[in-house]
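Sequence lines set the chain letters: A, B, ... in the order given, protein chains first and strands last, and positions in each chain run from 1. The shown structure was predicted, so the numbers you read here are calculated from the model rather than taken from an experiment.
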Number of protein chains: 2
Amino acid sequence: MSDKINDLMPTAAHTAVSGDGMPPKQKTRIQITNEAKILEAALDVFSQDGFRGATLDRIASAADMSKPNLLYYFKNKEMIHIALLAGLLDIWLTPLSEISATGDPTLEIGGYIKRKLEISREYPRESRLFANEILAGAPHIGDFLRTKLKKLVDEKAEILQRWVDNGRLAPCDPRHLLFAIWSTTQHYADFSVQVRLVLGLEAEDNSYYEEASQMLETLFLSQLIKTHDCD
Amino acid sequence: MSDKINDLMPTAAHTAVSGDGMPPKQKTRIQITNEAKILEAALDVFSQDGFRGATLDRIASAADMSKPNLLYYFKNKEMIHIALLAGLLDIWLTPLSEISATGDPTLEIGGYIKRKLEISREYPRESRLFANEILAGAPHIGDFLRTKLKKLVDEKAEILQRWVDNGRLAPCDPRHLLFAIWSTTQHYADFSVQVRLVLGLEAEDNSYYEEASQMLETLFLSQLIKTHDCD
DNA sequence: TAACATTTTTACCGGCTGGTCAAATATTCA
DNA sequence: TGAATATTTGACCAGCCGGTAAAAATGTTA
């Protein structure tokens with residue numbers, strides 16, 4: 001498995017030769033719009049069916065393009081997938097990297113949860129794309145998880161641990177606290193079909209996000225953070 | 001999409017004609033072992049790659065069988081998938097159905113979380129199979145979610161709501177409390193690759209489940225349940 | 001052992017898969 | 001304009017896909 005996300009952003013086939021001596025050549029109008037069209041379509045397909053389950057034919061037809069035309073912009077199926085993942089990982093990491101050691105635990109964690117839930121609501125397909133990639137064994141982003149993500153989690157876990165040590169946060173394993181935040185927030189994107197069916201909502205009805213926000217605040221903040229009025 | 005889980009348990013092709021007047025004919029030794037072998041292999045493949053991403057060739061080769069031989073025991077790809085899902089849903093629902101209105105909230109919820117986490121640890125592939133099915137839009141179990149699961153959740157949510165009303169449980173939306181429990185517990189199965197890579201663990205190392213159990217207890221019980229020594 | 005039922009294999013099918021190629025068509029710009 | 005470049009198309013390919021048919025092999029039982 002290739003497992004290289006870095007500098008594999010989408011480029012038309014003829015300009016995609018990275019590593020050679022050529023300057024990267026700026027993109028055409030058509031190139032920009034078509035790459036965007038392809039990525040949009042591919043996101044729909046990959047996020048539903050995963051890498052293996054997705055087909056170029058379906059992506060092409062969703063993008064309203066012929067398959068060879070699609071392959072003019074992306075070298076192959078894998079490159080489309082990698083381009084999507086690369087775009088996603090930024091969105092993914094930013095909120096975590098914004099947790100500040102100097103801030104207030106309640107505000108920092110609360111803000112993080114809120115942003116994660118917003119992302120879940122705004123980018124549900126990206127969330128499902130990510131989930132599919134992990135379920136498949138992370139063939140494309142294993143390196144990223146092992147290195148960059150781990151490093152960032154280690155950093156932030158240290159901050160959380162300090163808060164625990166200072167008695168500003170209920171004693172808990174910081175890494176698992178992050179897992180709990182990830183899972184609960186992403187659940188509303190990844191399992192949205194189940195959530196809707198169980199709640200009896202129509203497809204596309206996102207109204208449950210308000211309740212979700214309330215629940216997560218109750219779960220993670222009202223109680224977890226040590227600001228009881230009783231001590 | 002067929003969407004019929006009920007009475008679609010695996011049967012050899014020649015005995016699979018349900019709905020006719022024939023008695024169900026008991027299974028051969030060979031039939032029993034081979035169906036088990038197939039389901040075992042299929043669980044590996046489907047849980048990694050989803051329904052569309054999985055292929056009969058890979059399932060057959062994982063089961064150490066020829067493809068036609070495999071199709072002697074299951075009518076087609078979909079039937080194998082449905083058989084797996086049917087087997088899974090029982091495991092899935094049982095713990096929830098065991099939540100008792102007459103029990104103590106802490107013990108009931110705590111026990112439920114514990115059992116869900118145990119299932120996540122014991123049946124990670126089943127959990128991923130389920131996750132894949134939901135990500136794909138629940139084409140095979142949509143009816144089940146809309147009817148049986150919803151009904152059960154409605155019942156149990158009512159119990160939880162009564163506990164909230166009686167002040168025995170922190171005010172929260174019961175349904176979303178269940179979602180939070182589902183997501184956090186299943187996360188350790190569905191995203192195990194990510195969990196391991198972030199924690200720096202080797203593949204197959206399940207040691208994190210102890211920490212997880214501790215975390216979930218802290219998150220859901222120590223704080224959420226209203227048994228503070230301060231009131 | 002012979003008759004019968006079950007299981008496995010071999011050979012095969014049409015359609016889809018990811019992907020290539022060269023020719024045809026648009027677009028850009030000197 | 002026209003030459004150069006960028007884009008799109010259609011025809012095609014080998015291999016895989018889910019699945020079938022029938023014969024061969026194996027197991028069961030009277």
Provide, to the nearest angstrom, the distance between the [atom1] atom belonging to [X] and the [atom2] atom belonging to [N].
X	N	atom1	atom2	result
A:Ile80	C:dG18	CD1	C1'	11 Å
B:Asn69	D:dA25	CG	C1'	12 Å
A:Leu70	D:dT8	CG	P	11 Å
B:Phe74	D:dT20	CZ	C1'	19 Å
A:Asp64	D:dT9	CG	C1'	14 Å
B:Lys27	D:dT28	NZ	P	17 Å
B:Asp49	D:dG18	CG	C1'	16 Å
B:Ile30	C:dT7	CD1	P	5 Å

With the side chain of [X] defined as its heavy atoms from C-beta on, choose the nearest nucleotide among [options].
X	options	value
B:Pro68	C:dT7, D:dG10, D:dT20	D:dT20
B:Tyr72	D:dC17, C:dG19, C:dT6	C:dT6
B:Asn76	D:dG19, C:dT17, C:dT20	D:dG19
A:Lys67	C:dG19, C:dT20, C:dT6	C:dG19
B:Ser66	C:dT9, C:dT27, C:dT17	C:dT9
A:Leu56	C:dT27, C:dT7, C:dG19	C:dG19

Check this one for me: any side-chain N or O of [X] less than 4.0 Å away from OP1 or OP2 of [N]?
X	N	answer
A:Gln31	D:dT7	yes
B:Thr55	D:dC16	no
A:Asn34	D:dA6	no
B:Tyr73	C:dT8	yes
B:Arg58	D:dC17	no

Side-chain-base donor-acceptor pair under 3.5 Å for A:Lys77 and C:dG19 =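 Side chain to base: no pair below 3.5 Å.
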What's the spacing between B:Asp190 CG and B:Arg128 CZ if we round to 0.5 Å?
->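 Output value for this atom pair is 7.5 Å.
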Got B:Gln214 and A:His176 here, is their nearest side-chain heavy-atom distance under 4.5 Å?
->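 No. Closest side-chain heavy atoms not under 4.5 Å.
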Sugar-phosphate only, base, or nothing, as touched by B:Ala54 at under 4.0 Å among non-hydrogen atoms |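 Sugar-phosphate: the residue B:Ala54, judged by heavy atoms under 4.0 Å, touches backbone atoms but no base.
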Lys/Arg-Asp/Glu bridge criterion (N-O < 4.0 Å) met for B:Glu204, B:Arg196 =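 Salt bridge between B:Glu204 and B:Arg196, a charged N being under 4.0 Å from a carboxylate O: no.
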Using a strict 4.0 Å threshold on nitrogen-to-oxygen distance, state whether A:Asp57 and A:Lys67 make a salt bridge.
->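 Judged by the 4.0 Å cut-off on N to carboxylate O distance, A:Asp57 and A:Lys67 do form a salt bridge.
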Do A:Ser192 and A:Tyr208 get their side chains close enough for a donor-acceptor pair, meaning under 3.5 Å?
->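 The criterion, which ignores hydrogens and geometry beyond distance, is not satisfied for A:Tyr208 and A:Ser192.
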More 5' along DNA chain D: A:Met65 or B:Phe51, using each one's nearest nucleotide?
->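 Residue closer to the 5' terminus by nearest nucleotide: A:Met65.
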Full working for side-chain hydrogen bond (donor to acceptor under 3.5 Å, both in side chains) between A:Ser120 and A:Tyr209 | CA-CA 9 Å; A:Ser120 170; A:Tyr209 268 98; 2.9 Å; yes
